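Remarks on the structure that follows.
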Amino acid sequence: MTDTIDRTTLLSNASGEEPETLCSYYRQMVLIRRFEERAAQGYTQAKVGGYCHLNLGEEATVVGLMAALRPTDYLFTNYREHGYAIAKGIEPNRVMAELYGRSTGTSKGWGGSMHMYDTGTRLLGGYGIVGGQLPLAVGAALAIDYRGGDDMVMCQMGDGTTNIGAFHESLNLAALWRLPVVFVVINNNLGMGTTVEKASAEPELHKRAAAYRMTGERVDGTDVLAVRDAARRLVEAARTEGKPALLEAVSHRLKGHSVVDPAKYRSETEVAAAHQADPLTLFKETLLRVGAVDEDGAAALEESAQQEADAAVAFADSSPHPEVSTLFDYTYATPVPGESRRLPADPLF
Ligand SMILES: Cc1ncc(C[n+]2csc(CCOP(=O)(O)OP(=O)(O)O)c2C)c(N)n1
Ligand SMILES: [Mg+2]
């Protein structure tokens with residue numbers, strides 16, 4: 001990674017904040033960490049199926065970004081979205097139930113880890129196809145522009161996504177039509193096992209915005225306050241002036257690409273550096289230093305976050321599986337003549 005992170009900024013940013021705000025961000029970050037650990041455990045117990053990508057190490061980015069949005073703003077993400085779903089306001093119970101494939105989940109158990117969806121909180125999807133969310137996010141921004149009002153769209157993606165054709169098509173249209181959308185690249189330096197330097201001719205990803213005469217900024221993704229403030233500025237410009245933007249949050253993936261990836265391609269030094277930049281440790285130290293919380297207070301927040309994650313597991317585990325008869329209920333939004341509802345082993349004719 002080409003960037004150096006200035007640790008003093010987090011401290012000076014935090015000095016001007018209300019202790020309640022700082023504590024609430026810290027608790028959300030810990031909740032996401034504990035939730036993801038329980039999700040990984042559920043996977044090893046075969047309670048969670050399919051793919052499963054975690055936000056471990058990216059919690060400050062997730063919480064900072066979501067703090068910049070109004071509840072009515074729309075969000076599109078890639079498949080690494082459990083933390084976003086929680087920070088956008090979905091109950092952890094429903095997120096865990098979706099991972100467990102239960103009918104109480106955000107997508108009634110049919111979506112799983114990569115396909116959380118919730119109209120109430122305006123999370124319009126996790127997407128498993130790299131870059132699949134971008135054209136849809138631009139479409140949503142076009143709908144907002146067409147209807148009027150001051151909603152906006154945030155579209156999250158990874159660094160690897162910036163080399164997908166849909167990235168360029170989407171940024172071009174958003175800029176050309178002045179749509180209220182902020183694209184956010186989570187630069188964790190890895191697309192599966194490939195580094196940004198190996199994959200991107202311009203590794204400073206925010207600079208790609210220049211090709212579309214769009215604002216492009218880079219922010220330290222381990223600093224929840226810097227992320228929130230940068231996102232807020234860009235979100236408001238998108239909302240009020242129809243100025244789309246590209247924000248790059250430099251972040252760290254603590255574990256493998258997905259829960260089944262042992263990440264053998266990473267050196268010990270690299271993994272140690274990621275752990276040194278652990279946003280939870282950094283933020284807790286900062287909170288203690290500015291006196292927003294003491295050790296006992298921090299421990300109480302951590303304990304309550306652990307309990308909430310554990311409760312989500314209990315809720316998911318005790319929730320029913322969807323009825324097999326509902327398997328085809330959500331394939332199309334409206335009835336389609338001649339739609340096949342054949343189950344495996346059903347006769348063809
Ligand atoms: C169109 C497409 N190509 C390839 C894949 C396989 N794939 C899944 S995740 C991924 C890496 C994406 O990396 P990045 O955008 O940096 O996101 P991160 O996993 O780091 O959050 C790839 C290549 C896919 N899902 N979709
Ligand atoms: Mg990546």
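It should be emphasised that the depicted structure is a prediction, and the values quoted were computed from it without experimental measurement. Order of appearance sets the numbers: ligands from 1, and atoms from 1 within every ligand.
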Gln156, Gln133, His53 screened by side chain to side chain donor-acceptor pair (under 3.5 Å) with Asn78, the one that passes: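 Passing option: Gln156.
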
Can you tell me which residue among Thr286, Asn13, Thr9, Thr61 is in a side chain to side chain donor-acceptor pair (under 3.5 Å) with Asp223?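 For Asp223, the side chain to side chain donor-acceptor pair (under 3.5 Å) check succeeds only for Asn13.
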
Provide the closest heavy-atom pair for [X] versus [Y] in the form atom of the first, atom of the second, distance.
X      : Y     : result
Ala87  : Gln28 : CB-OE1, 3.7 Å
Ala231 : Leu65 : CB-CD2, 3.9 Å
Lys88  : Pro71 : NZ-O, 3.1 Å

Measure up the Tyr26 and Phe283 rings against each other and bin them: parallel (under 30°), tilted (30 to 60°), perpendicular (over 60°).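 Tilted, since the angle between the ring planes falls between 30° and 60°.
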
Ignoring waters, how many N, O or S atoms from the protein are under 2.8 Å from the Mg ion (ligand 2)?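 Near the Mg ion (ligand 2), the number of protein N, O or S atoms below 2.8 Å is 3.
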
With distance as the sole test, does Arg33 use its side chain to make a donor-acceptor pair with the main-chain N or O of Leu56 at under 3.5 Å?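 No, because the side chain of Arg33 does not come within donor-acceptor range (under 3.5 Å) of the backbone of Leu56.
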
Whether the side chain of Glu36 engages the backbone of Gly83 through a donor-acceptor N/O pair (distance < 3.5 Å, no angle test) should be reported.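 No; judged by distance alone, with no hydrogens or angles, the pair does not exist.
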
Scan side-chain atoms only and decide if Asp150 and Thr240 contain a donor-acceptor pair under the 3.5 Å cut-off.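 Result is no, nothing qualifies.
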
For ligand 1, what are the residues with a heavy-atom contact below 4.0 Å?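 Asn78, Tyr79, Arg80, Gly128, Ile129, Val130, Gly158, Asp159, Gly160, Thr161, Asn188, Leu190, Gly191, Met192, His257.
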
